[in-house]
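Here's the structure, in structure tokens; my notes come after.
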There are 2 protein chains.
Amino acid sequence: MARRKEHTHEQIRHMAISAVVEHLQCHGVDNLSLRKVAATIGYVPSTLINIFGSYQYLLLAVSEQTLLQLAAQLQLIKPTTPKQTIEQMALVYSQFAFANRRCFRLVFELSMAGDQPLPVAHLGLIKSLFSDVESQLSQYFPLACEQEVETMSRVLWGGIHGLTCLSLDGKLFETQSCLQDMLMSHVSSYIDGMSIKRNSNAAN
Amino acid sequence: MARRKEHTHEQIRHMAISAVVEHLQCHGVDNLSLRKVAATIGYVPSTLINIFGSYQYLLLAVSEQTLLQLAAQLQLIKPTTPKQTIEQMALVYSQFAFANRRCFRLVFELSMAGDQPLPVAHLGLIKSLFSDVESQLSQYFPLACEQEVETMSRVLWGGIHGLTCLSLDGKLFETQSCLQDMLMSHVSSYIDGMSIKRNSNAAN
DNA sequence: GCAAAATAAAAAACAACGTTCATAATAATT
DNA sequence: AATTATTATGAACGTTGTTTTTTATTTTGC
């Protein structure tokens, strides 16, 4: 046997990733297995191992795709004032998390076997989410040095992420509507608080 | 076979949980298995299934114990001013997370199979972490209603949690020392920001 | 054009997993 | 002391990710 070149490796990659994503729409990642993915796309486990290296790397590929989609959604935001733009980012972030709940969890809960750190490319993707916040912040705080802007962007993003994560599993409160209020409260009040400390300019 | 009553069920519970915790000091949860835990404490898989119900419930028990230890550490804090007390809580929280990195991750990444929600007792334990923040906040904002205090406590705690989590996996920055700065920035500036909005009292 | 070498997908084998079930050994009861 | 009720155990089951072997196809060399 060997239907050679019925699909290219790149096609199989795409099929497998799509199969995982589709499964995650309705079922958890624990119900999934390499064998099921292979069966779904009409292939055999060892073929996927050959292509992805391991089941773990297949999941990592799904995680990366999700991360790219999230980044793309954030890029779609049309900047207005810095503060409003960051608030808009927080909303988009949390809405994406709730719309792609299981993929989102995969991104942040996936860890490599043997306690190896995630690939640097993956960490880089996550960190790239901050960059837009940074540029908005340095507009809002023109006097702040690079270091200070970096700290602020991470505080803002860490808060947005934490609230979203806890809310996603009902660990914070029950309804999603509260989450939006809390995100707004977080972004708005933190920026206001920093404004006093740096007795800086800008009102909106 | 049946060394009956060589250990009580409660003793075996304790032994198994300790074995998991000890393993998690040095190795990830993926390297662990029910069979290994059983072997470590000189028992057999089915015995642990009888006692805990499933491997998942054993891990849940470890998670609960960790949660209780974290809560205990937070209770140890001697209150000074509300703001300083909350800042101290943030530090203790992050220090606990780094000292018990894998157990901490277990608490927040463990989810039930079949997408069932976590037991309410477990969710209650997590939410109880907020209660002390709430009492500190209502001291600081005596005019705020219960609802407002609840929102603020969750924003504060969500931020603390998010920063800690991201930092724990190197998803935020590299060194731990930055984390403390960010936690202080978060707590301090958010409270300051809220203070203006409610043009309230209290300076420290 | 055809035989030989290379390749690639599938099949089978492997070790380990969580869990279930029947068994054998102990404790409790009569 | 014999019988019944417990209870930990050991074997079995179905499934997992991965490795290795086999087999069919493609490419190469003459």
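Labels below follow one simple rule: chain letters A, B, ... track the order of the sequence lines, proteins then strands, and each chain is numbered from 1. As the structure is a computational prediction, the values presented were derived from the model and not from experiment. Computed from heavy atoms alone, side chains included, the values below leave out hydrogens, waters and symmetry copies.
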Salt bridge B/Lys197-B/Glu148, side-chain N to carboxylate O under 4.0 Å: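 Salt bridge absent between B/Lys197 and B/Glu148.
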
Cationic N near anionic O, under 4.0 Å, A/Arg105 to B/Glu109: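 Salt bridge: no.
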
What is the distance, to the nearest angstrom, from the [atom1] atom on [X] to the [atom2] atom on [N]?
{"X": "B/Met15", "N": "D/dA8", "atom1": "CE", "atom2": "P", "result": "12 Å"}
{"X": "B/His7", "N": "D/dT6", "atom1": "NE2", "atom2": "P", "result": "24 Å"}
{"X": "A/Asn31", "N": "D/dT15", "atom1": "CG", "atom2": "P", "result": "14 Å"}
{"X": "B/Asp30", "N": "D/dG17", "atom1": "CG", "atom2": "P", "result": "14 Å"}
{"X": "A/Arg35", "N": "C/dA11", "atom1": "CZ", "atom2": "P", "result": "12 Å"}
{"X": "B/Lys36", "N": "C/dT19", "atom1": "NZ", "atom2": "C1'", "result": "18 Å"}
{"X": "A/Leu32", "N": "D/dT16", "atom1": "CG", "atom2": "C1'", "result": "12 Å"}
{"X": "A/Ile12", "N": "C/dA8", "atom1": "CD1", "atom2": "P", "result": "11 Å"}

Closest to the [X] side chain, choosing from [options]:
{"X": "B/Pro45", "options": "C/dC17, D/dT16, C/dT19", "answer": "C/dT19"}
{"X": "A/Val44", "options": "D/dT16, C/dA10, D/dA8", "answer": "C/dA10"}
{"X": "B/Tyr43", "options": "C/dA10, D/dG17, D/dT9", "answer": "D/dT9"}

Aromatic plane relationship, A/His161 with A/Phe108 - under 30° parallel, 30 to 60° tilted, over 60° perpendicular: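 The rings of A/Phe108 and A/His161 sit tilted, inter-plane angle from 30° to 60°.
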
Side chain to side chain contact (heavy atoms under 4.5 Å, CB included), paired with A/Val29, selected from A/Val20, A/Leu24, A/Val62, A/Leu110: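 Only one option passes, and that is A/Leu24.
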
Centroid-centroid distance, A/His186 to B/His186, less than 6.0 Å: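 Centroid distance A/His186-B/His186: below 6.0 Å, so yes.
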
Whichever of A/Ser33 and B/His9 has its nearest DNA chain D nucleotide further upstream toward 5':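 Mapping each residue to its closest nucleotide by heavy atoms, the 5'-most match is B/His9.
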
Distance in Å, B/Leu168 CG paired with B/Leu179 CG, rounded so as to fall on 0.5 Å steps: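 Here the rounded value is 9.0 Å.
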
Donor-acceptor pair, side chain of B/Arg154 and main chain of A/Leu172, under 3.5 angstrom: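 Here the side-chain-to-backbone pair exists.
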
Residue-level proximity of residues 46-57 of chain A to DNA chain C when a heavy atom falls under 4.0 Å: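 Contacts with DNA chain C under 4.0 Å: A/Ser46, A/Thr47.
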
